[in-house]
Amino acid sequence: EDLFYDPFPVDDDCLSTETYSQETVYILMGEELRIKQLFGANLGVAAPVWEAALHLCRYFEDQSVELRGRRVIELGAGTGVVGILAARLGAEVTVTDLPLALPQLRVNVSANVPPSGWPSAPPAVLPLCWGEDHLAFPSDWDLVLCADIVYLPETYPLLMETLAHLCKNGAVVYLSSKMRREHRTQSFYEEHLQSRFDVELLLRDDKQNNNIYRASKRAEE
């Protein structure tokens, strides 16, 4: 049964101190994932599986993007659906988000151990506050994955600092975004990201107002 909720609550009173959960089964790239979404407990936007995450998973499937053996980090992972899928397919994955979202991530990683074990390694679950502790992370990734994390303009410079560091050694970034005019999502791609990265629009879904981009950091002058 679908639940309807305001993903951007304005009034703190509407965030219940009690947590309730909803589990959904997704079949993605031949893998069956059981994703629990925890609501309440101040999780806010970290709770739901955003459509942009599913768009990115389906794009990887449609394009047969090779994930096995790749070193992958996901930013703002939320429920972890993208990173967990990559790990199920043999990537070495680190999923990151703000500390309050990590319990939900750990629950979902534990719930999705493949019957024969993780093909590479279990996903690492780590806190990453953009622009603050990104330097504690290495720069030797193959892929950086971002699903619907571009919606707060005040975080755009911090996200740029983080991406620039993670991609120093040539990582490719895949970003899937709902293009919300009220959050100036387009401005992140056109002004912030294009200032330091080569950016390519891979797929536009008009019905869902969702774009998927691939970006690579340009060599520093």
Side-chain angles (χ1 to χ4, degrees), residues 1-3 7 20-39 43 45-98 101-128 137 140-150 166 171-178 202-205 207-208 210-215:
E1 185 181 0
D2 287 329
L3 296 177
Y20 65 97
S21 66
Q22 174 192 10
E23 188 176 86
T24 309
V25 176
Y26 296 96
I27 309 292
L28 298 162
M29 297 180 80
E31 299 291 321
E32 182 179 296
L33 302 187
R34 309 187 76 84
I35 300 295
K36 188 166 281 191
Q37 304 171 67
L38 305 177
F39 296 91
L43 266 173
V45 296
V49 174
W50 294 106
E51 197 61 39
L54 303 179
H55 276 282
L56 189 55
C57 293
R58 290 174 189 134
Y59 176 82
F60 287 159
E61 181 166 26
D62 291 344
Q63 300 298 314
S64 302
V65 173
E66 183 57 61
L67 295 167
R68 181 174 298 278
R70 315 297 293 277
R71 283 178 52 78
V72 173
I73 185 167
E74 184 180 5
L75 301 182
T79 62
V81 63
V82 181
I84 290 168
L85 176 63
R88 290 275 297 244
L89 295 169
E92 292 178 39
V93 175
T94 298
V95 287
T96 70
D97 209 321
L98 296 173
L102 298 189
Q104 173 174 257
L105 270 172
R106 292 191 186 104
V107 163
N108 283 331
V109 167
S110 299
N112 287 284
V113 179
S116 54
W118 296 101
S120 177
V125 179
L126 296 173
L128 200 173
F137 288 77
D140 60 348
W141 310 98
D142 296 308
L143 300 175
V144 180
L145 306 181
C146 309
D148 218 359
I149 62 172
V150 179
L166 295 175
V172 172
V173 191
Y174 283 93
L175 306 103
S176 181
S177 280
K178 198 83 146 171
L202 299 174
L203 188 67
R204 164 82 188 148
D205 184 324
K207 188 177 172 191
Q208 294 289 337
N210 198 95
N211 288 0
I212 294 178
Y213 296 89
R214 180 169 53 208

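- A donor-acceptor pair under 3.5 Å links the side-chain atoms of Asn108 to the main chain of Lys36, judged by distance alone.
- The closest side-chain heavy-atom distance from Gln104 to Thr79 is below 4.5 Å.
- The heavy-atom pair separating Gly78 from Asp97 by the smallest distance is N-OD2, 2.7 Å.
- Contact check for Asn210 versus Ser176: side-chain heavy atoms found under the 4.5 Å cut-off.
- Among residues at least two apart or in separate chains, ring-ring contact (aromatic ring centres under 6.0 Å, His included) pairs with a member in residues 59-98 are Phe60-Tyr174.
- Between the side chain of Glu66 and the main chain of Arg68, a donor-acceptor pair closer than 3.5 Å is present.
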Anything under 3.5 Å between a donor and an acceptor, one on a side chain of residues 140-150, the other on a protein residue two or more places apart or in another chain? List them.
unit_1 : atom_1 : unit_2 : atom_2 : d
Asp140 : OD1    : Arg71  : NH2    : 2.9
Trp141 : NE1    : Pro138 : O      : 2.9
Asp142 : OD2    : Arg71  : N      : 2.7
Asp148 : OD1    : Arg180 : NH1    : 3.1
Asp148 : OD2    : Arg180 : NH2    : 3.1

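- The side-chain contact (heavy atoms from CB on, under 4.5 Å) with Tyr213 is formed by just one residue from the set Leu175, Leu203, Leu202; it is Leu175.
- Between Leu128 and Ile73, some side-chain heavy-atom pair lies under the 4.5 Å cut-off.
- Residues Leu105 and Gly80 come closest through the heavy atom pair CD2-CA, 3.4 Å.
- Ser177 OG to Leu56 CG: the interatomic distance, rounded to the nearest 0.5 Å, is 10.0 Å.
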Side chains of residues 82-96: which donor-acceptor pairs under 3.5 Å do they make with residues two or more places apart or in other chains?
unit_1 : atom_1 : unit_2 : atom_2 : d
Arg88  : NE     : Glu31  : OE1    : 2.8
Arg88  : NH1    : Asn112 : O      : 3.0
Arg88  : NH2    : Glu31  : OE1    : 3.0
Thr96  : OG1    : Glu74  : O      : 2.7

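- Annotation: the span from Glu23 atom CD to Gln37 atom CD amounts to 10.0 Å, rounded to 0.5 Å.
- Annotation: the span from Ile35 atom CD1 to Gln22 atom CD amounts to 12.0 Å, rounded to 0.5 Å.
- Closest non-hydrogen pair, Lys178 versus Gln208, comes out as NZ-O, 2.8 Å.
- Of the inter-residue distances, the one linking Ser110 atom OG with Arg34 atom CZ reads 14.5 Å to the nearest 0.5 angstrom.
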